[in-house]
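This report refers to the structure that appears directly beneath it.
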Protein chains: 2
Amino acid sequence: MGASKLHIYSEEINQMATMAKVFAHPARLSILQYISKQDSCICNDIVDEIGLSQPTISQHLKVINEAGLLKGSFEGKSICYCLNVDRFQEFQSHLNTFFNTTASNCC
Amino acid sequence: MGASKLHIYSEEINQMATMAKVFAHPARLSILQYISKQDSCICNDIVDEIGLSQPTISQHLKVINEAGLLKGSFEGKSICYCLNVDRFQEFQSHLNTFFNTTASNCC
DNA sequence: ATGTAATATTGCAATATTACGATATTAAAA
DNA sequence: TTTTAATATCGTAATATTGCAATATTACAT
């Protein structure tokens with residue numbers, strides 16, 4: 001054994017865990033922060049900024065992107081990544097709902 | 001290689017990632033929800049409720065506890081776990097700060 | 001078409017996480 | 001003191017994650 005037993009939890013809980021996982025690595029938090037600080041963002045910029053290899057950054061970007069947190073637009077041979085603010089705030093809202101409902105019930 | 005390169009990030013970012021990690025597993029989310037629903041909580045109750053073995057639950061409880069999210073009081077041979085609401089709300093507040101500052105800077 | 005720069009994918013090694021059986025610990029009960 | 005019930009820890013197997021070198025892809029420039 002070793003894998004998470006996802007089937008024993010509700011869909012809602014699993015989604016929440018998946019969302020949290022995106023934020024559970026400092027590289028991804030740094031990337032999100034960095035993207036938000038720029039007007040736009042090119043992957044190699046982040047490589048210089050953060051100090052991980054290009055493939056590793058690319059992999060983290062993929063995780064962030066698959067969570068729906070990026071909007072990308074092509075600019076010549078490079079890609080301009082932008083934060084999908086709507087989706088980002090959706091994440092925030094879901095997490096706050098979890099926090100609020102959980103805390104309010106407590107002894 | 002394979003381990004996270006924690007030294008290349010700021011203390012703040014690392015702390016945030018550590019916090020998110022607590023919420024990045026459905027079992028831990030379920031445990032937090034379950035604890036908050038009860039007045040008090042005994043580990044074996046959660047075992048029946050969630051469907052993981054007693055050692056596994058105990059391990060997850062340890063992670064949650066090490067994050068400072070539990071208040072425990074002994075009741076005979078069992079332990080009454082309670083959510084540390086103050087700490088919980090501290091988490092919420094930190095995460096919201098990250099979300100707000102990140103989103104507001106964005107293009 | 002060929003070269004070049006930017007990004008993605010593949011393959012793999014190192015490490016971390018998850019889960020559980022077996023066992024230890026703890027404290028009340030008999 | 002022995003038993004019993006609740007929880008923690010240990011050891012280990014399975015799986016996931018992280019990181020990077022090598023390579024592939026993509027799209028512009030020459």
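Chain naming here is simple, since letters A, B, ... match the order of the sequence lines and numbering starts at 1 in each.
Checking side-chain atoms of A:R28 against main-chain N and O of A:V22 turns up a donor-acceptor pair under 3.5 Å. Between the A:T102 side chain and the A:F99 main chain, no donor and acceptor come within less than 3.5 Å of each other. Although no hydrogens or angles enter the test, the distance criterion places no donor-acceptor pair under 3.5 Å between the side chain of B:S93 and the main chain of B:Q89. Although no hydrogens or angles enter the test, the distance criterion places no donor-acceptor pair under 3.5 Å between the side chain of A:S58 and the main chain of A:Q54.
When the C1' atom of D:dA8 is taken as reference, atom CG of B:L70 falls 14 Å away, rounded to whole Å. Taking atom NZ on A:K21 and atom P on C:dT17, their separation rounds to 12 Å, with Å as the unit. Distance CD (A:Q59) to P (C:dC12): 15 Å, rounded to an integer number of Å. Between the NZ atom of B:K5 and the P atom of C:dA16 there is a distance of 14 Å, rounded to whole Å. With rounding to whole Å, A:I46 atom CD1 is found 11 Å from C:dT7 atom C1'. Rounded to an integer number of Å, the gap from CD1 of B:I64 to C1' of C:dT18 is 14 Å. The CG-P distance, from B:L6 to C:dA16, rounds to 9 Å in whole Å. Between the NZ atom of B:K62 and the C1' atom of C:dT18 there is a distance of 14 Å, rounded to whole Å.
For A:Y34 and A:Y81, the ring centers sit 6.0 Å or farther from each other.
Taking the side-chain contact (heavy atoms from CB on, under 4.5 Å) definition, one finds that A:Q15 meets it with A:E11, sequence neighbours left out. Judged as a ring-ring contact (aromatic ring centres under 6.0 Å, His included), and not counting sequence neighbours, B:F98 has no contacts.
Taking every heavy atom of residues 47-57 of chain B and every atom of DNA chain C, pairs under 4.0 Å involve B:L52, B:S53, B:P55, B:T56, by number.
Distances shorter than 4.0 Å separate some side-chain N or O of A:H60 from OP1 or OP2 on D:dG19. Applying the 4.0 Å criterion to OP1 and OP2 of C:dA8, one finds that A:Y81 has a side-chain N or O inside that range.
Mapping A:A24 and B:S58 onto DNA chain D by nearest heavy atom places B:S58 at the nucleotide closer to the 5' end.
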